[in-house]
Amino acid sequence: MTILHLARSFGSKRLGGSERNIYNLVNLISLKTKEKNLIMSDNGIWEYHIKSDTFRKIDKTKINLFFLLIRNPYQKINNIHVHSNGYYIFLGYIISFLFKCRLIIKVTRVGDGSLINRNKKEKISFKLLLKRNLFKYLCKAKNVYVHILSKSSLEMVNKFTKKIIIFPNLIKKGKYDPNIKKKDTFVISSRLIKRKNVDLALDNLLNLKNKNLHIFVIGDGPELKSLKRKYKTNKSKITFLGYLKNNDINNYYALAEFFVNLSDSEGMSNSFIEAMSFGCKCIVSDILENCCTAENHAIYYDKGEDFVLKIKESLKLNPKEISDYANSRFSIDFFKSTQIKELYKIDNNNISCW
């Protein structure tokens, strides 16, 4: 049997958090089950090979998926897993209808502009309203399941479907080494867009008046140039590293004493759980998605609160306990085959919450 993953940006030159998570998920599936994995994106079609732990492009054009499956009937699709919003959800529904298989739609984020949001005062455009209504309509189909990353949005999703899978983002195991950690070192790692509030995080950190602090900002995006201009006089304290490959990012998690993410909304932040796995003391925005992710192993900040107090609170966190918690909960090294079978109903068992 084959699992087909639909991920719009997969195969691009720069891997983002979603692509890394897909890689980890597919690696885990291949280790724990006999399922084959195909990925279709705007950049073509890939097949995962467990022996080499790599994806090989088997076609440049995604439309050729149908011809590939017809030529290789042994690759019968039993699950389609959609990892991108927009038209990929409806493309996945069409393919699931044609091949009579299960469709799993992953909700990647909860917040303004997303498929689900708890903010009743949000300004909704006609386009977004249409997308949300179509999404809820598709969820009524017998073969459609909604994949959420934590219990934080369970109550909202439960209002329009009972076919819900709770399964987290995945990481490779991080290592906490107290000998590497550098005191008063902070890392911010994310796509540099407005809702991530990187400027708010930097302003709060600079207001600490700590002469020894240094902040590494990892990531690129539309806000990078304006952030560099705004903080050009703080070059001694802030280093903008731009886009880094995953192994290089991990080196900064291993080094940093603190991780900061004050984003307005998340589903489950890959950078957050990766930083935790390396024992970073994390100060993150006080939203349900973050609280369900880290529980009492992080400090939660709301806009307007005293950030100095949050730093003092974070000093009470135990880095070893943070690392152990994150690795045991999100690392592929700790997941069992039964949990993957629950996600894809490989044994046709009832779906249970992660």
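Scope of the values below: all heavy atoms of this structure, side chains included, with no hydrogens, waters or symmetry mates. None of these values were measured; they are calculated from a predicted model.
With respect to Ser30, the side-chain contact (heavy atoms from CB on, under 4.5 Å) criterion is satisfied by exactly one of Ile3, Ile340, Ile50, Asp53: Ile50. Of the residues listed (Arg20, Glu274, Lys106), the one engaging Asn169 in a side-chain hydrogen bond (donor to acceptor under 3.5 Å, both in side chains) is Lys106, and it is the only one. When each of Phe330, Tyr325, Phe272 is paired with His297, the ring pair (Phe, Tyr, Trp, His ring centres under 6.0 Å) condition holds for Tyr325 and for no other.
Classified by interplanar angle (parallel below 30°, tilted 30° to 60°, perpendicular above 60°), the ring pair His147/His81 is tilted. Using cut-offs of 30° and 60° on the angle between ring planes, the pair Phe135 and Phe160 is perpendicular.
The backbone N or O of Lys211 lies less than 3.5 Å from a partner atom in the side chain of Lys237, making a donor-acceptor pair. Looking at Ser285, its side chain does come within 3.5 Å of a backbone N or O of Ser263 through a donor-acceptor pair. Looking only at distances, no side-chain donor or acceptor of Asp184 sits under 3.5 Å from a matching main-chain atom of Asn212. A donor-acceptor contact shorter than 3.5 Å links the side chain of Lys57 to the backbone of Asn43. Side chain of Thr239 to backbone of Leu241: no donor-acceptor contact under 3.5 angstrom is found. Side-chain atoms of Asn133 come within 3.5 Å of backbone N or O of Leu129 as a donor-acceptor pair. Judged purely by atom type and a 3.5 angstrom limit, Lys310 uses its side chain to pair as donor or acceptor with the backbone of Tyr300. The closest donor-acceptor contact from the side chain of Ser323 to the backbone of Phe278 lies at 3.5 Å or more, if one exists at all. Counting only distance, with no hydrogens or angles, the side chain of Arg8 and the backbone of His83 share no donor-acceptor pair below 3.5 Å. With Asn197 contributing its side chain and Leu200 its backbone, the two residues share no donor-acceptor pair below 3.5 Å.
Judged as a ring-ring contact (aromatic ring centres under 6.0 Å, His included), the pairs with a partner in residues 179-207 (not counting sequence neighbours) are, in order, Phe186-Phe258.
Residues Glu122 and Leu128 have side chains in contact (heavy-atom distance under 4.5 Å, counting atoms from C-beta outward). For the pair Lys181/Tyr176, a side-chain contact is recorded, criterion being any heavy-atom separation below 4.5 Å from C-beta on. Between Asn250 and Lys172 the shortest side-chain heavy-atom distance does not fall below 4.5 Å. In this structure, the side chains of Ile193 and Pro222 come closer than 4.5 Å at one or more pairs of heavy atoms. By the 4.5 Å heavy-atom criterion applied to side chains, Glu289 and Leu149 are not counted as neighbours.
Residues Asp264 and Lys196 are not paired through a salt bridge, judged by the lack of any N-O separation under 4.0 Å between the basic side chain and the carboxylate. Between Asp203 and Lys230 there is a salt bridge, with a side-chain nitrogen of the basic residue lying less than 4.0 Å from a carboxylate oxygen of the acidic one.
No side-chain donor-acceptor contact under 3.5 Å links Ser114 and Arg109. In summary, the side chains of Asp248 and Tyr243 do not present any donor paired with an acceptor at a separation below 3.5 Å, with no hydrogens or angles considered. Side-chain N/O atoms of Tyr344 and Thr33 include no donor and acceptor closer than 3.5 Å.
For Phe55 and Tyr48, the gap between ring centers is short of 6.0 Å. In this structure, Tyr93 has its ring center no closer than 6.0 Å to that of Tyr137.
The OG atom of Ser271 sits 3.5 Å away from the CZ atom of Phe259 when rounded to the nearest 0.5 Å. Note: Asn204 CG to Lys303 NZ = 11.0 Å, rounded to the nearest 0.5 Å.
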